[in-house]
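These notes concern the structure reproduced below.
Per chain, numbering begins at 1; letters A, B, ... match sequence-line order.
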Number of protein chains: 2
Amino acid sequence: MMELTRKGEYAIRGIVYLAGKPIEKVCLLSDIAAAVDVPPTFLAKIFQQFSKMGLVKSFRGTGGGFMLGRTPESITLLEVVEAVEGHINPNRCVVNPGNCDRSDYCNIHPIWMRVQEQVRSVLEGVTLKDLADADKTYSNT
Amino acid sequence: MMELTRKGEYAIRGIVYLAGKPIEKVCLLSDIAAAVDVPPTFLAKIFQQFSKMGLVKSFRGTGGGFMLGRTPESITLLEVVEAVEGHINPNRCVVNPGNCDRSDYCNIHPIWMRVQEQVRSVLEGVTLKDLADADKTYSNT
DNA sequence: CCTAAAAAGACATAGTGTATCTTTTTAGGA
DNA sequence: TCCTAAAAAGATACACTATGTCTTTTTAGG
C-alpha cells in the first residue's frame with residue numbers, strides 16, 4: 001500500500017537533477033534522462049506535465065530543452081509528487097456499506113483525512129533545494 | 001497515490017462488523033458479506049488472511065463462521081490494513097539513479113521513512129472498538 | 001529550407017486489482 | 001454412517017492501470 005509509482009520516482013529524479021543545475025540553465029531531455037537513468041520517452045511525458053503546471057519551463061527547437069520553472073527552494077516535494085501522481089488521497093469511503101456521500105455515517109473518514117494531512121505535511125516540508133544540496137554532498141566524493 | 005484498495009476497504013468493513021457484535025459471537029460469512037455489501041467470495045479470501053494472522057477465528061462445518069480473534073480494543077486499524085495490503089511502504093529509492101542499496105546516496109530515503117512512520121502512527125491510534133462504537137452511534141437513529 | 005528539439009497522441013505490454021468458480025476439508029446432526 | 005453446512009484452498013477470468021514505445025506534429029534556430 002501507499003507506494004510511489006515509477007512515474008513518481010522518475011519525476012523526482014528528473015526534477016531534482018534540474019534543481020542541481022545553475023539557475024536558468026537549459027538541459028536537454030536526453031541528457032537528463034541519461035543522467036538519472038530513466039527511459040527518455042517516459043521522462044518526456046512527465047516533463048510535459050511539469051511544464052503545464054509551471055514546475056519546469058520548456059523550449060522547443062534547436063537549443064531547446066528544460067529548465068526549472070521556479071527557484072528550487074520554492075518547489076516542494078509535495079508539488080512534484082502531486083503533479084504526476086495526482087492529489088494524495090488515501091480515503092475512499094470504507095466503513096458503512098457504500099455511502100461515502102453521507103459522510104455522517106462514515107466514521108473512518110476523519111482518519112483517512114488525518115493520514116492525508118500527515119503525508120502532505122511531510123512532503124511539503126522538503127524542497128528541491130534540500131534534495132539537490134544533499135545530492136551534491138555525495139557527488140563530490 | 002496512496003489509495004486504499006477495495007480489498008482493504010472490504011477488509012475494514014468486514015472486521016468492524018465483527019467488532020460490533022457481542023464478543024465470541026460467531027457470524028456466517030454470507031451474513032457479514034450481505035451486511036457490509038461486499039462480494040462474499042472476495043470477503044472469504046480476506047477473512048482467510050485474517051484467520052491465518054489470528055485477527056479472526058474461523059470455525060468450519062455446520063454452525064461454523066467467524067468471530068474476532070482478539071478483543072476489539074486490542075486490534076488496531078494498522079494491523080487490519082497491513083494484514084491485507086502488506087506493510088505500508090511508500091519508499092522505493094528515488095533520487096540518484098538506481099541505487100537504493102547504497103543508501104548513503106539516497107537522500108530522499110529518510111523522507112519516505114518519515115511518511116511511513118506518520119501513516120502507521122495514525123492508523124495505530126485507532127482500534128476496532130473505536131470504529132465499532134462510532135458505528136453504533138449512527139445505527140441507533 | 002533543414003535540422004533540432006519538445007508536444008501530442010496512438011499504441012503495446014505486463015502486472016495487479018477485482019472477482020468468480022470448483023474442489024477439498026472439516027464439523028455437526030439425523 | 002451418511003448428509004449437509006460451512007470454511008479453506010486453488011485455479012481461473014477479466015478489467016484496469018502502470019509502464020513504456022512509436023509516430024507525427026509543432027516550434028524554433030541557423
Side-chain angles (χ1 to χ4, degrees), chain A residues 1-15 18 25-34 36-69 81 83-86 89-90 92 94 98, chain B residues 1-15 18 25-34 36-69 81 83-86 89-90 92 94 98:
Chain A
M1 186 202 180
M2 326 260 323
E3 270 199 31
L4 194 71
T5 63
R6 302 274 163 158
K7 189 177 179 185
E9 204 174 309
Y10 295 164
I12 296 172
R13 282 197 209 163
I15 203 167
L18 274 191
K25 156 90 178 182
V26 173
C27 300
L28 284 183
L29 182 76
S30 52
D31 289 348
I32 306 170
V36 299
D37 193 28
V38 168
T41 53
F42 201 176
L43 193 63
K45 294 296 175 193
I46 293 166
F47 270 51
Q48 282 169 27
Q49 286 186 261
F50 281 159
S51 179
K52 281 178 192 159
M53 320 193 71
L55 289 180
V56 305
K57 285 180 191 156
S58 71
F59 304 94
R60 296 167 134 192
T62 313
F66 295 90
M67 56 178 267
L68 220 52
V81 168
V84 295
E85 303 265 18
N89 183 28
R92 261 186 294 189
V94 163
Chain B
M1 186 201 179
M2 327 260 319
E3 270 200 31
L4 193 72
T5 63
R6 301 275 163 158
K7 190 177 179 185
E9 204 173 309
Y10 295 164
I12 297 173
R13 281 195 209 165
I15 203 167
L18 273 191
K25 156 91 179 182
V26 173
C27 300
L28 284 183
L29 182 76
S30 53
D31 290 347
I32 306 170
V36 300
D37 193 28
V38 168
T41 53
F42 201 175
L43 193 63
K45 293 298 175 191
I46 293 167
F47 271 50
Q48 281 169 27
Q49 286 187 260
F50 281 159
S51 180
K52 281 178 191 157
M53 321 194 70
L55 289 181
V56 304
K57 284 179 193 156
S58 71
F59 304 94
R60 296 167 130 189
T62 311
F66 295 90
M67 57 177 265
L68 220 51
V81 169
V84 294
E85 303 265 17
N89 182 28
R92 261 186 295 187
V94 164

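- Going from atom OG1 of A/T41 over to atom CD1 of A/I46 covers 9.5 Å, rounded to the nearest 0.5 Å.
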Classify every nucleotide of nucleotides 20-30 of chain D by which part a protein heavy atom approaches to under 4.0 Å, writing B for the base, S for the sugar-phosphate alone and - for neither, in 5'-to-3' order.
SB----BBBS-

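- Rounded to whole Å, atom P of D/dA6 lies 11 Å from atom CG of B/L29.
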Can you give the dot-bracket line for DNA chain D, where a pair is Watson-Crick or G-U wobble with both atom distances under 3.5 Å, crossing pairs use [ ], and | marks a partner on another strand?
||||||||||||||||||||||||||||||

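- Nucleic acid contact class of A/F47 (heavy atoms, under 4.0 Å, all strands): none.
- A straight line from CZ of A/F50 to P of C/dA7 spans 13 Å, rounded to a whole angstrom.
- Side-chain nitrogen and oxygen atoms of A/S58 include at least one within less than 4.0 Å of the OP1 or OP2 phosphate oxygen of C/dA7.
- Residue B/K57 is out of contact with every strand shown, counting any heavy-atom pair closer than 4.0 Å.
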Give the intermediate values and the outcome of side chain to side chain contact (heavy atoms under 4.5 Å, CB included) for residues A/L18 and A/M67.
CA-CA 6 Å; A/L18 274 191; A/M67 56 178 267; 5.5 Å; no

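- The CG atom of A/L28 sits 14 Å away from the C1' atom of C/dT3 (whole-angstrom rounding).
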List every contact pair, protein side and nucleotides 14-16 of chain C side both N or O, where the distance is under 3.5 Å.
none

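- C/dA4 atom C1' lies 13 Å from atom CZ of A/F66, rounded to whole Å.
- Residues satisfying the ring pair (Phe, Tyr, Trp, His ring centres under 6.0 Å) test with A/F47, not counting sequence neighbours, are A/F50, A/F66.
- With D/dA18, C/dG17, C/dA8 as the candidates, the nucleotide lying closest to the side chain of B/T5 is C/dG17.
- Here the closest non-hydrogen pair linking A/A44 and A/L29 is CB-CD2, 3.5 Å.
- At least one donor-acceptor pair under 3.5 Å links the side chain of B/E85 to the backbone N or O of B/T5.
- Of all heavy-atom pairs spanning B/E9 and B/L4, the tightest one is N-CD2, 3.6 Å.
- For the OP1/OP2 pair of D/dA7 and a distance below 4.0 Å, the side-chain nitrogens and oxygens of B/S51 include no atom meeting the criterion.
- The nearest whole Å value for the distance from the CG atom in B/L43 to the P atom in C/dT18 is 14 Å.
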Stepwise, does the side chain to side chain contact (heavy atoms under 4.5 Å, CB included) test hold for B/R13 with B/L43?
CA-CA 10 Å; B/R13 281 195 209 165; B/L43 193 63; over 6 Å; no

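- The side-chain contact (heavy atoms from CB on, under 4.5 Å) check on A/Q49 picks up A/K7, A/V84, with sequence neighbours excluded.
- Every side-chain contact (heavy atoms from CB on, under 4.5 Å) that A/K25 has, sequence neighbours left out, goes to A/K21, A/P22, A/C27.
- The listed nucleotides are D/dA7, C/dG17, C/dA8; the one nearest the side chain of A/K52 is C/dA8.
- B/Q48 is linked by a side-chain hydrogen bond (donor to acceptor under 3.5 Å, both in side chains) to nothing, counting only residues two or more places apart in sequence or in another chain.
- Rounded to whole angstrom, the span from the CD atom of A/Q49 across to the P atom of C/dG9 amounts to 13 Å.
- For B/S30, the side-chain contact (heavy atoms from CB on, under 4.5 Å) criterion is met by B/L28, not counting sequence neighbours.
- Judged as a side-chain contact (heavy atoms from CB on, under 4.5 Å), and not counting sequence neighbours, the contacts of A/M53 are A/A83.
- In this structure, the CD1 atom of B/I46 is 14 Å from the C1' atom of C/dT20, given to the nearest Å.
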